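Structure first, then comments.
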Amino acid sequence: MKVVKELFRGREIDLLPMINLDDTTKFQRIVYTALMRIPRGKVSTYSMLARASGCRRGYRTVGNALSSNPIPLIIPCHRVLRSNLKIGGFSIPGVDEGEARQLKRRILVDEGVKFEGEKVNPKCLWKSKS
DNA sequence: TCGGTGTTTCGGA
DNA sequence: TCCGAAACACCGA
């Protein structure tokens, strides 16, 4: 948990190589890689990740990949929102769902993402095409 | 083998 | 504009 704190205090992550991708599928790796490309303070959506992964209708798979991500929070699954800019679901094993959602929002705020109620500021959206 | 998943998109009314 | 259905890929029972 200490590491996690450090992560969101502004330190960039070089932990990607540490992540064992052997247990992940090809599609998941694509998703994770795309996720890592999201800069701090930016967020993405399931749809965008799906597009980035090559499958326009792979959003469900993306959600599945995120929910079963090897290292929650290190893989910035918290930067993934629904297409309507709402948080959507977020759960961490061993953490209450409500707590996890709060944590997610807090992390995003800490990273510079601006919230408008339950939604995030569209300006904080990260576009793979830029 | 089957159904569910942190959802989205598309077509018809 | 709104509602219903279908959709890629993958995981667990």
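What you are looking at is a predicted structure, and each value in this text was computed from that prediction instead of being measured. Every chain is numbered from 1, with letters handed out A, B, ... down the list of sequences. Below, all heavy atoms of this structure are taken into account, side chains as well, without hydrogens, waters or symmetry copies.
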- If you measure from the P atom in C:dC3 to the same atom in B:dG6, how many Å do you get, rounded? 22 Å
- Any donor-acceptor pair under 3.5 Å linking the side chain of A:Lys86 with the backbone of A:Leu81? no
Which of A:Asn121, A:Val120, A:Val109 passes side-chain contact (heavy atoms from CB on, under 4.5 Å) with A:Lys114? It is A:Asn121
Using distance only, find each side-chain donor-acceptor pair of residues 63-77 of chain A under 3.5 Å and give its atom names and separation, not counting sequence neighbours.
unit_1  : atom_1 : unit_2  : atom_2 : d
A:Ser67 : OG     : A:Gly63 : O      : 3.3
A:Ser67 : OG     : A:Asn64 : O      : 2.8
A:Ser68 : OG     : A:Gln28 : NE2    : 3.4
A:Ser68 : OG     : A:Asn64 : O      : 2.8
A:Asn69 : OD1    : A:Ile71 : N      : 3.1
A:Asn69 : ND2    : A:Leu66 : O      : 2.6

Q.
Are A:Val80 and A:Phe27 connected into the same hydrophobic cluster when the rule is that any two of I, L, V, M, F, W, Y join if their side-chain heavy atoms are below 4.5 Å apart?
A. yes
Answer with yes or no whether A:Tyr59 presents, from its side chain, a donor or acceptor under 3.5 Å of a partner atom in the base of B:dT7. no
Inset, instruction - Tell me what A:Val62 touches on the nucleic acid: a base, only sugar-phosphate, or nothing, going by heavy atoms under 4.0 Å. - result: nothing
Think A:Ser83 has a side-chain N or O under 4.0 angstrom from the OP1 or OP2 of B:dT8? yes
_Is any side-chain heavy atom of A:His78 closer than 4.5 Å to one of A:Glu111?_
yes
Worksheet entry | Whole-angstrom distance between C:dA5 and B:dG4, as gauged at atom P | 15 Å
Rounded to whole Å, CG of A:Asn84 lies from P of B:dG6 at a distance of 15 Å
Contact class for A:Ser91 vs. all strands (heavy atom < 4.0 Å): base, sugar-phosphate, or nothing? base
Tabulate protein N/O versus nucleotide N/O from nucleotides 9-13 of chain C, keeping only pairs under 3.5 Å, one per line.
unit_1 : atom_1 : unit_2  : atom_2 : d
C:dA9  : O4'    : A:Thr61 : OG1    : 3.1
C:dA9  : N9     : A:Thr61 : OG1    : 3.4
C:dA9  : N3     : A:Thr61 : OG1    : 3.0
C:dC10 : O2     : A:Asn64 : ND2    : 3.0

Here the distance between atom C1' of B:dG6 and atom CG of A:Leu108, to the nearest Å, is 14 Å
| field | Chi angles and distances behind the side chain to side chain contact (heavy atoms under 4.5 Å, CB included) call for A:Ile30, A:Tyr32 | value | CA-CA 5 Å; A:Ile30 298 175; A:Tyr32 297 146; over 6 Å; no
A:Tyr46 atom OH is separated from B:dG6 atom P, nearest whole Å, by 9 Å
Secondary structure of DNA chain C per the Watson-Crick/G-U criterion (both distances under 3.5 Å; [ ] crossing, | other strand, . unpaired) is |||||||.|||||
In A:Leu108, A:Ile107, A:Leu35, the residue satisfying side-chain contact (heavy atoms from CB on, under 4.5 Å) with A:Arg79 is A:Leu108
Separation of B:dT8 atom C1' from A:Arg56 atom CZ, nearest Å, is 10 Å
Just distance, no hydrogens or angles: give the donor-acceptor pairs under 3.5 Å from side chains in residues 93-101 of chain A, sequence neighbours left out.
none

May I have the list of side-chain donor-acceptor pairs in residues 42-56 of chain A shorter than 3.5 Å, sequence neighbours left out?
unit_1  : atom_1 : unit_2   : atom_2 : d
A:Lys42 : NZ     : A:Lys123 : O      : 3.4
A:Thr45 : OG1    : A:Met48  : N      : 3.1
A:Ser53 : OG     : A:Leu49  : O      : 2.7

